Student: 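Pasting a structure below so you can have a look.
Note that the structure is a prediction, hence the values are computed from the model and not measured. Reminder, nothing fancy here: chain letters follow the sequence lines and each chain counts from 1.
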Amino acid sequence: MFFFVNNYFIFELKIYMESRYKKYQTIERLNEVEGKEVTLRGWVYNIRSKGKLHFIILRDGTGICQCVVFSGNVLPEIFESAKSLTQESSIIVTGMVKKEERAPGGYEIDVKDIEIIQITNDYPITPKEHGDAFLIEHRHLWLRSSKQHAIMRIRAAVIKAIRDFFDGNGFKLMDSPLLTPNACEGTSTLFETNYFDFGKAYLSQSGQLYAEASAFALGRVYTFGPTFRAERSKTRKHLTEFWMVEPEMAFFDLNDDMELAEDLVEYIVQFVLKTCQQELKTLERDTAPLEKVKRPFYRMSYTEAVDWLIANKVPLKKYVDGKEVDIHPFPWGEDFGTVQEEAIMEQFDKPCIIHRYPTDVKAFYMKRDPENSKVVLAMDMLGPERAGEIIGGSQREDDYDLLLERIKQHDLSVDDFQWYLDLRKYGSVPHSGFGLGVERVVKWISGAKHIREVIPFPRMIYRITP
RNA sequence: UCCUGAGUAGCUCAGCUGGUUAGAGCAUCUGACUGUUAAUCAGAGGGUCGGGGGUUCAAGUCCCUCCUCAGGAGCCA
């Protein structure tokens, strides 16, 4: 991969951290101090007592470590205070680091001293099973448990991989505004707010149109930020607030766009495999399917996909008067739903890109295929293992008149899009881009059952707390 | 927005065709134990059965209604 490290910057950062902040021993780096006395700061994850022994499982945010308190090794008052510890009490523990096969993590602390910061009473999340509703209600505490901890570290790794990939490949970060004056694609799917004397403003559902303007200024850019959809979706793969990265490249055609999308996804998955083995193990994630995520991925045109659906007797499911009806054979021109996507993906062990969708089911800004005006130069990447759609992108319409025609066809206000049309008036060039849903990718890689588990504080149709 | 399902102890659940004082495991508290891995063993406390209304001699159980939550569809990343 083309990623490079700027050594100078890393060096400066290290000096800064060492000279200005408190430097604590972390559980993550206990292997460096075997045989030495250390002080750990954290929270009691669990405690087991056996007569003259207490086993404290301590977590400090970086990992968990077993701390053994033996009555013969500590002052009687220290042993008594260890007895009073409860789940999630905050403490400072001092003792010798020992290599120990029986301890989780391989190292344990032979405790000499314990300082109690706070004794916790009635911590709601016990080390037993809990229901989904209870856990999400206690999201602020659920984040402390080992699986959620592992997922959040994988999320951080995914985001780092994305940034490293683009920054190392000549892309510039160009953030798009979150408050926008008009509903750019659809209509009723946006959150609305008041904006001083201008009346209504909306929370952005995509930074793409602004990314296009940015690409014409800086060449290759990406925007990375939260995005908002007011759709009343109630599924395990939708959030109303989610994070999306949207690269946009001047002079890229659809093929370049697909190549870049494949490179990015391969890089993210391989980066997580390389840096998050412990987290994947905690999650009991089978990494074999992830190891396979290497180029080339699969590709299919929409038309080829429809032929496949017909050959495999996958119907179109439609609702007529509230009743489900199967339509055979699948009619060309209809968009794919979950049924079709899952049927297609079941044959693949790697992501698959489906490209050249019918013009009528796609957004107005997508460029029509010069070889067939019934389809647009759009592409969606579907992940294996029921990951669903993780990327959606296209080559953009770069012709002024054709774009104007499409804006009018979609009943959009030409005035609102005047600035966007300007891009086709002053030095228009072929250009392409795509959007990657961060949570969809983290859900796939981590194997989480529900998308709400892969964002710290999920926002969903029936939940805005905590 | 539509379809389906669920609300009983702090948590996870059982509770049959209505029938004495509503049950279990875990958690909590007390006690025992020098190697526990969701420790084990003995004991104790803990309930407006989601809210309201109705049927009945009798309702956790049947009926109506409201609330809350979950899963799926559509839409999408």
Student: Do we get A:Lys362 above A:Tyr357's six-membered ring, with its NZ or CZ under 6.0 Å from the centre and within 45° of the axis?
Tutor: yes
Student: Using modelled atom types only, decide if a donor and an acceptor are shared between the side chain of A:Arg59 and the backbone of A:Cys65 within a distance under 3.5 Å.
Tutor: no
Student: Dot-bracket, 5' to 3', for RNA chain B please: Watson-Crick or G-U pairs under 3.5 Å, [ ] where pairs cross earlier ones, | where the partner sits on another strand, dots elsewhere.
Tutor: (((((((..((((.....[...)))).(((((.......))))).....(((((..]....))))))))))))....
Student: Under 4.0 Å, counting only non-hydrogen atoms across every strand here, what does A:His238 touch: a base, just sugar-phosphate, or nothing?
Tutor: base
Student: Using a strict 4.0 Å threshold on nitrogen-to-oxygen distance, state whether A:Glu28 and A:Arg153 make a salt bridge.
Tutor: yes
Student: In whole angstroms, how far is the P atom of B:A77 from the CG atom of A:Leu382?
Tutor: 12 Å
Student: Would you mind reading off the distance between A:Gln205 atom CD and B:C76 atom C1', rounded to a whole angstrom?
Tutor: 9 Å
Student: For a quick check, tell me whether the side chain of A:His130 and the base of B:C11 share a donor-acceptor pair closer than 3.5 Å.
Tutor: no
Student: Grab the CD-P distance between A:Glu246 and B:A77 for me, whole Å please.
Tutor: 9 Å
Student: Measuring only the C1' atom in each nucleotide, how far is B:U4 from B:U40? A whole number of Å is fine.
Tutor: 44 Å
Student: So if I take every side-chain heavy atom of A:Glu389 and compare against B:A70, B:A77, B:C75, which nucleotide ends up nearest?
Tutor: B:A77
Student: Compute the ring centroids of A:Phe336 and A:Phe330, then answer whether they are less than 6.0 Å apart.
Tutor: yes
Student: For A:Ile451 and A:Arg463, find the nucleotide of RNA chain B closest to each by heavy atoms; which residue's nucleotide sits nearer the 5' end?
Tutor: A:Arg463
Student: Let me know the distance between CG of A:Asp132 and C1' of B:C69, rounded to the nearest Å.
Tutor: 11 Å
Student: Other residues, nucleotides and ligands only: do more than 12 of their heavy atoms fall within 6.0 Å of CD1 on A:Ile464?
Tutor: no
Student: Report the distance from atom CZ of A:Arg236 to atom C1' of B:A73, rounded to the nearest whole Å.
Tutor: 13 Å
Student: Could you walk me through whether A:His140 and A:Phe457 pass ring pair (Phe, Tyr, Trp, His ring centres under 6.0 Å), step by step?
Tutor: CA-CA 8 Å; A:His140 51 300; A:Phe457 296 96; 7.8 Å; no
Student: Counting distance alone, no hydrogens or angles: does the base of B:C2 have a donor or acceptor under 3.5 Å from a partner atom on the side chain of A:Arg232?
Tutor: no
Student: Which part of the nucleic acid, if any, lies within contact of A:His138, taking any heavy atom under 4.0 Å across all strands shown: a base, the sugar-phosphate backbone alone, or nothing?
Tutor: nothing
Student: If you measure from the C1' atom in B:G35 to the same atom in B:G43, how many Å do you get, rounded?
Tutor: 26 Å
Student: Should A:Glu284 and A:Lys147 count as an ion pair when the cut-off is N to O under 4.0 Å?
Tutor: yes
Student: Would you mind telling me which of B:C76, B:A73, B:G71 lies closest to the side-chain atoms of A:Thr235?
Tutor: B:A73
Student: In whole Å, what separates the P atom of B:G15 from that of B:G53?
Tutor: 28 Å
Student: Whole Å only: how far is the NZ atom of A:Lys234 from the C1' atom of B:U68?
Tutor: 11 Å
Student: Please report the distance separating the C1' of B:G10 from the corresponding atom of B:U17, rounded so that it comes out in whole Å.
Tutor: 34 Å
Student: With rounding to the closest Å, how many angstrom separate the C1' atoms on B:C76 and B:C62?
Tutor: 44 Å
Student: If we take the C1' atom in both B:C67 and B:G74, what is their distance in whole Å?
Tutor: 26 Å
Student: Name the residue closer to the 5' end of RNA chain B, choosing between A:Pro104 and A:Ile461 according to the nucleotide with the nearest heavy atom.
Tutor: A:Ile461
Student: When the P atoms of B:G31 and B:C49 are compared, how many Å lie between them, rounded to an integer?
Tutor: 34 Å
Student: Just checking A:Asp380: base, sugar-phosphate only, or nothing, at a heavy-atom cut-off of under 4.0 Å?
Tutor: nothing
Student: Write down the atom of A:Ile47, the atom of A:Ala82, and the distance for their closest heavy-atom approach.
Tutor: CD1-O, 3.4 Å
Student: Could you write out each protein N or O paired with an N or O of nucleotides 28-35 of chain B at a distance under 3.5 Å?
Tutor:
from, atom 1, to, atom 2, distance (Å)
B:C33, N3, A:Gly51, N, 3.2
B:G35, OP1, A:Lys50, NZ, 2.5
B:G35, O2', A:Arg102, NH1, 2.8
B:G35, N1, A:Glu108, OE2, 3.1
B:G35, N2, A:Gln66, NE2, 3.4
B:G35, N2, A:Glu108, OE1, 2.8

Student: Taking NZ from A:Lys237 and C1' from B:A73, how many angstroms apart are they, rounded to a whole number?
Tutor: 10 Å
Student: Choose from B:C69, B:G74, B:C76 the nucleotide whose nearest atom is closest to any side-chain atom of A:Tyr462.
Tutor: B:C69
Student: Quick check: closest heavy atoms across A:Lys443 and A:Lys449, and the distance to 0.1 Å?
Tutor: CE-O, 3.6 Å
Student: Only counting residues at least two apart or in another chain, list the ones meeting side chain to side chain contact (heavy atoms under 4.5 Å, CB included) with A:Arg406.
Tutor: A:Thr359, A:Phe364, A:Arg368, A:Val376, A:Gln409, A:His410
Student: Quick one: label A:Ile391 by what it contacts on the DNA or RNA (base, sugar-phosphate, nothing), any heavy atom closer than 4.0 Å.
Tutor: sugar-phosphate
Student: Could you check whether the side chain of A:Thr126 and the base of B:C11 have a donor-acceptor pair of N or O atoms closer than 3.5 Å, going by distance alone?
Tutor: no
Student: Within this structure, what is the CG-to-P distance between A:Asn46 and B:A27, rounded to whole angstrom?
Tutor: 9 Å
Student: Above 12 or not: heavy atoms from other molecules or residues under 6.0 Å from CZ of A:Arg386?
Tutor: no
Student: Determine the Euclidean distance between corresponding P atoms of B:A9 and B:C66; express it in Å to zero decimal places.
Tutor: 25 Å
Student: Are A:Phe242 and A:Phe228 close enough that their ring centres sit under 6.0 Å apart?
Tutor: no
